[in-house]
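Computation of the quantities below employed the complete heavy-atom set of this structure, encompassing side-chain atoms and omitting hydrogens, waters and symmetry-equivalent molecules. Naming: A, B, ... by sequence-line order, numbering from 1 per chain.
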Protein chains: 2
Amino acid sequence: MTLRVALVDDEPLIRRGLAAVVGSEPDMAVVGEAGDGTGVLDLVGRTSPDVVLMDVRMPRVDGIAATRALVRAGSAARVLVLTTFANDDHVFEALAAGADGFLLKRSSPEEVLHGIRTVARGESLLFPDAVRELARRHARSTGSTGDPGLDRLTPREQEVLRLMAAGLSNAEMADRLVVGVETVRSHVAAVLAKTGARDRTQAVVLAYRSGFMPV
Amino acid sequence: MTLRVALVDDEPLIRRGLAAVVGSEPDMAVVGEAGDGTGVLDLVGRTSPDVVLMDVRMPRVDGIAATRALVRAGSAARVLVLTTFANDDHVFEALAAGADGFLLKRSSPEEVLHGIRTVARGESLLFPDAVRELARRHARSTGSTGDPGLDRLTPREQEVLRLMAAGLSNAEMADRLVVGVETVRSHVAAVLAKTGARDRTQAVVLAYRSGFMPV
DNA sequence: CCGCTGCTCCCCCGCGCGGGGGATCCGCCT
DNA sequence: AGGCGGATCCCCCGCGCGGGGGAGCAGCGG
């Protein structure tokens, strides 16, 4: 009985690499591929894979949403999520969405194959680092403020954070937004209060680390 | 006459994908692979490739430094740099280092092959977006300072920048580094002077945008 | 109608930060 | 021997920033 694998990644090179790795195994076969999450539900329905290798970051419909859709549809396919960093925010969202495991993109072919077999057996695959991070966040959220909560910022506050993360001073932001400096100061204060950052530097760090700002 | 190609990328999957793409062409052959820039000079010397596909972001020695080393050594190999974003800072550094062209990581296999043939013919390969960005920066730099120059920072200054980009205050950094606050202030001032940043926030922005800090 | 939220602007105050100086010690290279 | 860059510590000074208040106005929903 061969293991049926579907590949969902927007980078053709990664798909080729995965296909080469999976295809080199006698008991595995690539039964379908997709470049984003839009047609995943359909793809899985047509090809009934045992394991779906799913990239988190994709245009249009990302891996998180696609995973959620699969789980809601009652699919039997196991989802192995591909991510760049082990402590990425996406990891935890994907966990909540119903992913069965994670693979770092810089994984070796052996690790990829091991990951596929692991989730195919019904086990879950997690990184020690990621689990530790999860525990850390849980402990922090039960006690105090909670998550960064960048989405709890109002549109204006998000705009201000974006400008802050571009390196602008309060005066420059006021100029850009055509408002008074006092107004900017209020927004900055709100951003700091909501994010728990002590100063603008920490807020900027948060903006980049959380993926709020593109790198 | 077959085109000899060498692959330098720290992600095994990307290497596999490129190898599959290149290997599928009858007139191309992968003659060597490396996981970082440390052994590139040696690799090129041994395998004498026509084209080197080089990732910009790698541990230890990155693609920029490796490209610079190749050019300085008078190698005849053409360098095709792999990058994630077309307007990445690395693109311009790589240009200055002597790269012959750029490929986006999300390129299709056809684009990869076309890129290899293009640089092999001695032409250069650039993205319209990248060229426009280059023109924009040139216009801006002729008036002011120039490049970020994060690699011109001393080890201690780099350490300080890393801590700054983690959100630490001067006092916290002094505590962490077991030195006086005045010392930290000196290092911070040096970082700002060398990078052209106006304040610590801009330095942190630079650290993330340039890839100096992992996201 | 009233309350809530978001956006706008204002005051005072303390402190961390950044600019501009200088000084000492060490190790390396010439 | 002398020079030089790196790391360490010190001074004064001005200003932007952040904390803690308050207030008016629009829109939206109970």
Side-chain angles (χ1 to χ4, degrees), chain A residues 144-210 212-213, chain B residues 65 143-210 212-213:
Chain A
S144 56
T145 51
D147 61 310
L150 289 187
D151 50 343
R152 297 186 52 196
L153 299 178
T154 69
R156 201 56 158 174
E157 287 161 359
Q158 290 188 22
E159 207 173 351
V160 167
L161 177 54
R162 236 174 284 275
L163 293 179
M164 258 197 286
L168 274 69
S169 67
N170 288 343
E172 286 168 342
M173 285 191 276
D175 200 55
R176 181 82 67 90
L177 299 175
V178 201
V179 295
V181 185
E182 299 297 333
T183 304
V184 173
R185 290 167 52 80
S186 295
H187 291 316
V188 171
V191 169
L192 297 185
K194 286 186 180 179
T195 58
R198 177 185 50 194
D199 48 43
R200 68 203 294 106
T201 305
Q202 287 192 352
V204 169
V205 171
L206 206 67
Y208 281 99
R209 286 226 209 264
S210 67
F212 176 81
M213 284 295 287
Chain B
S144 60
T145 52
D147 65 309
L150 287 187
D151 49 343
R152 297 185 51 197
L153 298 178
T154 69
R156 199 55 156 178
E157 287 161 0
Q158 290 189 21
E159 204 173 353
V160 167
L161 177 55
R162 236 174 283 275
L163 293 179
M164 258 197 285
L168 275 67
S169 66
N170 288 343
E172 286 167 343
M173 284 190 276
D175 201 56
R176 180 80 68 90
L177 298 175
V178 202
V179 295
V181 186
E182 299 297 335
T183 303
V184 173
R185 289 168 51 82
S186 295
H187 291 317
V188 171
V191 169
L192 297 185
K194 287 186 181 179
T195 58
R198 180 185 47 198
D199 48 43
R200 65 201 298 109
T201 305
Q202 287 192 352
V204 169
V205 170
L206 205 68
Y208 280 99
R209 285 225 210 265
S210 67
F212 177 81
M213 285 294 288

S.K.: Report the nucleotide, chosen from D:dC17, D:dG19, D:dT8, that has the shortest atom-to-atom distance to any side-chain atom of A:Leu192.
M.R.: D:dG19
S.K.: Less than 4.5 Å apart, any side-chain heavy atom of A:Thr195 and any of A:Glu157?
M.R.: no
S.K.: Measure from CD on A:Gln202 to C1' on C:dC17 and round the result to the nearest Å.
M.R.: 15 Å
S.K.: Are there more than 12 heavy atoms of other residues, nucleotides or ligands under 6.0 Å from atom CZ of B:Arg198?
M.R.: yes
S.K.: Can you tell me if A:Asn170 touches the phosphate of D:dC17, counting only side-chain N or O atoms and a distance under 4.0 Å to OP1 or OP2?
M.R.: yes
S.K.: Just checking A:Arg185: base, sugar-phosphate only, or nothing, at a heavy-atom cut-off of under 4.0 Å?
M.R.: base
S.K.: May I ask you to evaluate whether B:Arg198 reaches the phosphate of C:dG19, defined as a side-chain N or O under 4.0 Å from OP1 or OP2?
M.R.: no
S.K.: Identify which nucleotide among D:dT8, C:dC10, C:dC7 has an atom closest to any side-chain atom of A:Glu182, counting heavy atoms from C-beta outward.
M.R.: C:dC10
S.K.: For A:Val188, answer base if it contacts any base atom (sugar-phosphate contacts may also be present), sugar-phosphate if it contacts only those atoms, and nothing otherwise; contact means non-hydrogen atoms under 4.0 Å.
M.R.: sugar-phosphate
S.K.: Ignoring hydrogens, what is the shortest heavy-atom contact between A:Ala203 and A:Leu161? Give both atom names and the distance.
M.R.: O-CD1, 3.9 Å
S.K.: How long is the line joining CD of B:Gln158 and P of D:dG6, in whole Å?
M.R.: 12 Å
S.K.: Would you mind reading off the distance between B:Lys194 atom NZ and C:dG18 atom P, rounded to a whole angstrom?
M.R.: 17 Å
S.K.: When the distance from NE2 of B:His187 to P of D:dC9 is rounded to whole Å, what number comes out?
M.R.: 8 Å
S.K.: State which residue, out of B:Val160, B:Leu168, B:Val184, fulfils the side-chain contact (heavy atoms from CB on, under 4.5 Å) condition with B:Arg176.
M.R.: B:Leu168
S.K.: Quick one: is A:Thr154 getting a side-chain N or O under 4.0 Å of the C:dG6 phosphate, OP1 or OP2?
M.R.: no
S.K.: Whole angstrom is fine here: how far is it from CE in B:Met164 over to C1' in C:dG18?
M.R.: 12 Å
S.K.: Once you round it to whole Å, what is the distance between P of D:dA7 and CD of B:Glu157?
M.R.: 6 Å
S.K.: Do B:Ser186 and D:dC9 have a side chain to base donor-acceptor pair shorter than 3.5 Å?
M.R.: yes
S.K.: Starting at CE of A:Met173 and ending at P of D:dG16, how long is that distance when rounded to a whole Å?
M.R.: 13 Å
S.K.: Provide, to the nearest angstrom, the distance between the CG atom belonging to A:Asp199 and the P atom belonging to D:dC15.
M.R.: 22 Å
S.K.: Give a yes or no on whether a salt bridge exists between A:Glu159 and A:Arg162, defined as a side-chain N under 4.0 angstrom from a carboxylate O.
M.R.: no
